[in-house]
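Okay, structure first, notes after.
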Amino acid sequence: MTTPTGRGLLHLAAAVDQPDTYEADPYIALTRLAERGALDFVTLGDSFGRPGPDALAVLSRVAPATGRIGLVPTVTTTHTEPFHVQAAVATLDWVSRGRAGWRPEVSATEEEARLLGRRDAAPAADLWREAGEVADVAARLWDSWEDDAEIRDVATGRFVDRDKLHHVDFRGSTFSVRGPSIVPRPPQGHPVTVVDTTEPHAYDVAARHADVALVGAAGPAQAAAARAGLRRRAAEYGRDPDTLRVLAALRVDLGGGEHAAEPGHGGGGPLPSDLGPLYRGGPVDFADLITAWHRAHAVDGFHLTPVEPRRDLERLVNGTVPLLQHRGLFRTFYPGSTFREHLGLARPANQYAALAGDPS
Amino acid sequence: MTSTARARKHVHLAAHFPGVNNTTVWADPRSRSQIDFASFEHLARTAERGLFDFFFLAEGLRLREHKGRIHDLDVVGRPESLTILNALAAVTERLGLAATVNATFNEPYEIARRFASLDHLSGGRAAWNVVTSSDAFTGENFRRGGFLDRADRYTRAAEFVATARELWDSWTPDGQPRPFAHTGQHFDIQGEFTLPRSPQGHPVVIQAGDSPEGREFAASTADVIFTRHGTLAAGRAFYADVKGRLAKYGRAPEDLKIMPGVTVVLGDTAAEAQERAAEIRRQQVSPQNALLALEQVWGVDLSAYDPDGPLPDIDPVVDSGLSQGRTRRGDPLAVAEEWRALSRAKGLSIRQTVIETTTRQSFIGTPQAVAAELDEFVRTGAADGFILVPHLTPGGLDEFVDRVVPVLQERGVYRTEYTGTTLRSHLGLKEPAHPVPEKGLTV
Ligand SMILES: Cc1cc2nc3c(=O)[nH]c(=O)nc-3n(C[C@H](O)[C@H](O)[C@H](O)COP(=O)(O)O)c2cc1C
């Protein structure tokens, strides 16, 4: 689908993080709000090192209470077994009927290492290299069951065709996994991998493994350059760059009323802040900013982190989104049912399907 | 608890999602997906309609293999337990949610956090079945491999659970994070937990091993035992043994609930129930499954044998490693001798012998008869309740809930509504105290 500007539809995502929130209802409320705005997906951050529930658990709790929106928890790869990571993400895809993603993250601090007591802290560069291997083995394990492995053949007494179940025999630099997975191939084939490149060491992992990459940019030219760079690097890794969606990550403060903004903010571009570019202004001006970036072919969309979760998401959904829809830049309903369909990404082929049976 | 001191002991019930072995019949036309969320939702809602205490998921971290290849005769493939239970929390309101999670291939901080998250997100309904397998075969899926000695399994599990409880208790009662530090034989960790104390204080802990060490671990630590001792005689002996171990840990008999895993087959008449039971046993042991069961005992390839013919007269090969990822049935030589004797005495074929020796249906009869038997088990100290293992996904407990639960209620031995909101309250377990650590104990 193309828009009046001749480009693909915008993709919009929002963070549903909320401080000191451990019960399900506030997360369900925000995700439903985002779904009312037909957003592509929500994200929920996670870390062993600060208060908060397990993000993947929260979004599994949210899944049956929502219908279409993509669900992307942060999943740390440093201390958790890769086999457990992939099984949990695959299961999120099953419970959400094809709406799961994950955002790999590393745990680089001494404090986190001491919580687990299993390995010493390591440099972020090493941990991101390992995270890339986790993304690699996860995709292999998701493929370790072919889609038609389950046959239920009464005549031969076989429930599965074991030629369609594969050992992955993965050897990474710090771990190995035999496989196959205990979870059948998830509905999307591979749940969507979202990588935040505002962490510099994550850049190559994004170029190689991400379906969605988040970039930090204060203006359309910078965003366009970041997008072009990522697409180039993806191509160097042998990927078709059109299988990568690049979204600008912005913090948004829409508290300034309909049009008003503090002097020097709003109507203009985002300003740098400690936590990344911050847009401050009203929902209408923000729609103009999105429109301008989109017309400039800067990015495929935006990942927005509301400064005041409830207030700013409401303003986004009730104020900014309808304008973008009116301009024909954003969907008014979900034509597809899976997260990949929202992103316009194909269901990936199974890397083992072409092979003959597992000889081992 | 009712106010009358001599109120009849209530039966506790739980629903086991059908497992990945031949108890689960997949060739039946009513059998549905073992992985679609709809199947889990159906069974969980059925259990909640039946006012069950909890819904239970088993775990296996490596697909079973036989003769070096993936075992293909039984249902296989299941979700990661905690993730699916969080989703089930959205479609149920009171039902407890129990996940089996291995203490060998995980670390306390992470598991404590995942169960505390489930407890918060479900409003106090989480339970953890702590299992301890340590085989190198399963270990090939993990960084750590099969690193744990059999003897160390339960010392690690005990320290694991104790550490998890320290983490669950670590925040102050008014919700402030407080540092913890644990140093022991297996774990040396410190820092701050990421969650306040959860609605149950501690998620319910279930134990499922049977060795003397396993029983001791349960007596010292668990809230519920999931056991295989599902006959009246074996149940009473097990019940007396385990409850007898509690006093030395300062615990009372009601602090630990004993729940055997059992199967139920119903009929309008006793004869009809028996017929249905025989038909299910036949479905559970296909000709291919009969040969496989035999090979698991004999430890050698027996594919040339006719499942409808006699048993082999060759002797088994012990520890051949032919089958990986499933529990042994005992000493192969003794088992083989027993099976051959049975086959000779009754003139049974291979398949008939396997049906006779490996399938077990605990309660067969009319709803009235089954309810009476369940009650008798509980009344006479053979169990506190039951984990029902249906043979069909996902409708395998529909009939039980529709027909047996009302009879239990009429007998006055089963709840007519949930009175509490947490799993602890369904099970009649105490709220764990929230210790206030002495100054200086945690750094
Ligand atoms: C009723 C029952 C259910 C069990 N379920 C599981 C399970 O789901 N996953 C698992 O890894 N082990 C399971 N186990 C295995 C136990 O955790 C344990 O490894 C095994 O019983 C051997 O321990 P033991 O020597 O104390 O008996 C189960 C055991 C029993 C008795």
Side-chain angles (χ1 to χ4, degrees), chain A residues 20 22-24 28 47-54 56-58 60-65 79-84 87-88 90-92 94-97 111-112 114-118 145 149-150 152 154 156-162 165 174-184 358 360, chain B residues 26-27 31 35-37 40-41 60-63 68-80 82-91 105-107 109-110 113-114 116-118 120-123 140-144 177 187-196 198 286-289:
Chain A
D20 304 323
Y22 306 97
E23 323 75 68
I28 293 172
S47 158
F48 290 137
R50 53 139 185 75
D54 180 79
L56 192 141
V58 171
S60 341
R61 176 69 179 77
V62 166
H79 296 292
T80 305
E81 290 282 356
F83 193 82
H84 292 322
T91 301
L92 180 61
W94 279 107
V95 304
S96 64
R97 298 181 166 93
E111 288 72 24
E112 287 161 302
R114 277 199 290 268
L115 294 170
L116 278 295
R118 185 142 144 193
W145 288 62
E150 185 181 319
R152 296 188 183 232
V154 178
T156 59
R158 293 177 307 148
F159 181 79
V160 282
D161 176 353
R162 58 186 166 199
L165 293 178
T174 59
F175 64 89
S176 60
V177 178
R178 175 96 166 109
S181 180
I182 53 167
V183 188
D358 186 338
S360 60
Chain B
W26 55 261
S31 161
I35 186 69
D36 282 350
F37 185 60
F40 292 86
E41 186 172 351
L61 294 170
R62 174 118 188 232
L63 301 192
R69 306 198 59 198
I70 290 171
H71 172 60
D72 58 357
L73 302 180
D74 295 333
V75 169
V76 58
R78 43 187 169 186
E80 191 278 314
L82 277 155
T83 304
I84 198 130
L85 291 184
N86 277 296
L88 288 174
V91 298
F105 301 111
N106 286 289
E107 296 300 318
Y109 188 84
E110 207 168 4
R113 182 164 186 260
R114 298 191 73 204
S117 294
L118 176 63
H120 279 287
L121 294 166
S122 65
E140 285 179 353
N141 281 336
F142 298 96
R143 290 175 193 267
R144 208 157 211 183
F187 309 110
D188 182 2
I189 60 175
Q190 57 172 288
E192 262 176 29
F193 196 49
T194 68
L195 290 158
S198 69
S286 65
Q288 296 85 354
N289 246 322

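Both backbone and side-chain heavy atoms feed into the values below; hydrogens, waters and symmetry mates do not. Proteins come first, then strands; the chains are lettered A, B, ... in the order of their sequence lines, and each starts at number 1.
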Looking at [options], which makes the most heavy-atom pairs under 4.5 Å with chain A?
| options | answer |
| --- | --- |
| B:S286, B:P196, B:A116 | B:P196 |
| B:L121, B:L195, B:L73, B:L118 | B:L121 |
| B:E192, B:E107, B:R114 | B:E107 |
| B:L85, B:T194, B:I189 | B:T194 |
| B:V76, B:L88, B:N106 | B:V76 |

Given heavy-atom pairs under 4.5 angstrom as the criterion, report whether the side chain, backbone, both or neither of [X] touches chain B.
| X | answer |
| --- | --- |
| A:R158 | both |
| A:L56 | side chain |
| A:A63 | neither |

Who among [options] has the most heavy-atom pairs with chain B under 4.5 Å?
| options | answer |
| --- | --- |
| A:A87, A:G49, A:A90 | A:A87 |
| A:E111, A:E112, A:R61 | A:R61 |
| A:V58, A:V62, A:D54 | A:D54 |
| A:P180, A:S60, A:P82 | A:S60 |
| A:L92, A:T80, A:T174, A:I28 | A:T80 |
| A:S176, A:S181, A:G52, A:S96 | A:G52 |

With a 4.5 angstrom heavy-atom cut-off, is it the side chain or the backbone of [X] that approaches chain A, or both, or neither?
| X | answer |
| --- | --- |
| B:N141 | both |
| B:Q288 | side chain |
| B:V91 | side chain |
| B:L61 | both |
| B:L82 | neither |
| B:I84 | both |

Closest approach of [X] to [Y] (non-hydrogen atoms, all atoms of both residues):
| X | Y | answer |
| --- | --- | --- |
| A:H79 | B:E110 | O-OE1, 4.0 Å |
| A:F159 | B:D74 | CB-O, 3.4 Å |
| A:P53 | B:R113 | O-NH2, 3.2 Å |
| A:G157 | B:W26 | O-CZ2, 3.3 Å |

Those residues at least two apart in sequence (or on a different chain) that pass side chain to side chain contact (heavy atoms under 4.5 Å, CB included) with B:S198 are B:D119, B:H120, B:P203

For the residue pair B:F142 and A:H84, does the interplanar ring angle fall in the parallel (under 30°), tilted (30 to 60°) or perpendicular (over 60°) class? tilted

Roughly how far, to the nearest 0.5 Å, is NE2 of B:H71 from CG of A:L165?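 With rounding to 0.5 Å, CG (A:L165) is 12.0 Å from NE2 (B:H71).
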
Could I get the full list of salt bridge (Lys or Arg N to Asp or Glu O under 4.0 Å) partners for A:R152, not counting sequence neighbours? A:E150

Report the C-alpha separation of A:I182 and A:F83 in whole Å, then their side-chain angles, then the decisive distance to 0.1 Å, and conclude whether the side-chain contact (heavy atoms from CB on, under 4.5 Å) test is met. CA-CA 9 Å; A:I182 53 167; A:F83 193 82; 4.0 Å; yes

Is there a side-chain contact (heavy atoms from CB on, under 4.5 Å) between B:L63 and A:W145? Walk through the geometry before answering. CA-CA 11 Å; B:L63 301 192; A:W145 288 62; 4.0 Å; yes

Please confirm whether the backbone N or O of B:D36 pairs with a side-chain atom of A:R97, one donor and one acceptor, at under 3.5 Å?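 Here the side-chain-to-backbone pair does not exist.
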
Ring centres under 6.0 angstrom apart (B:F193, B:Y109): yes

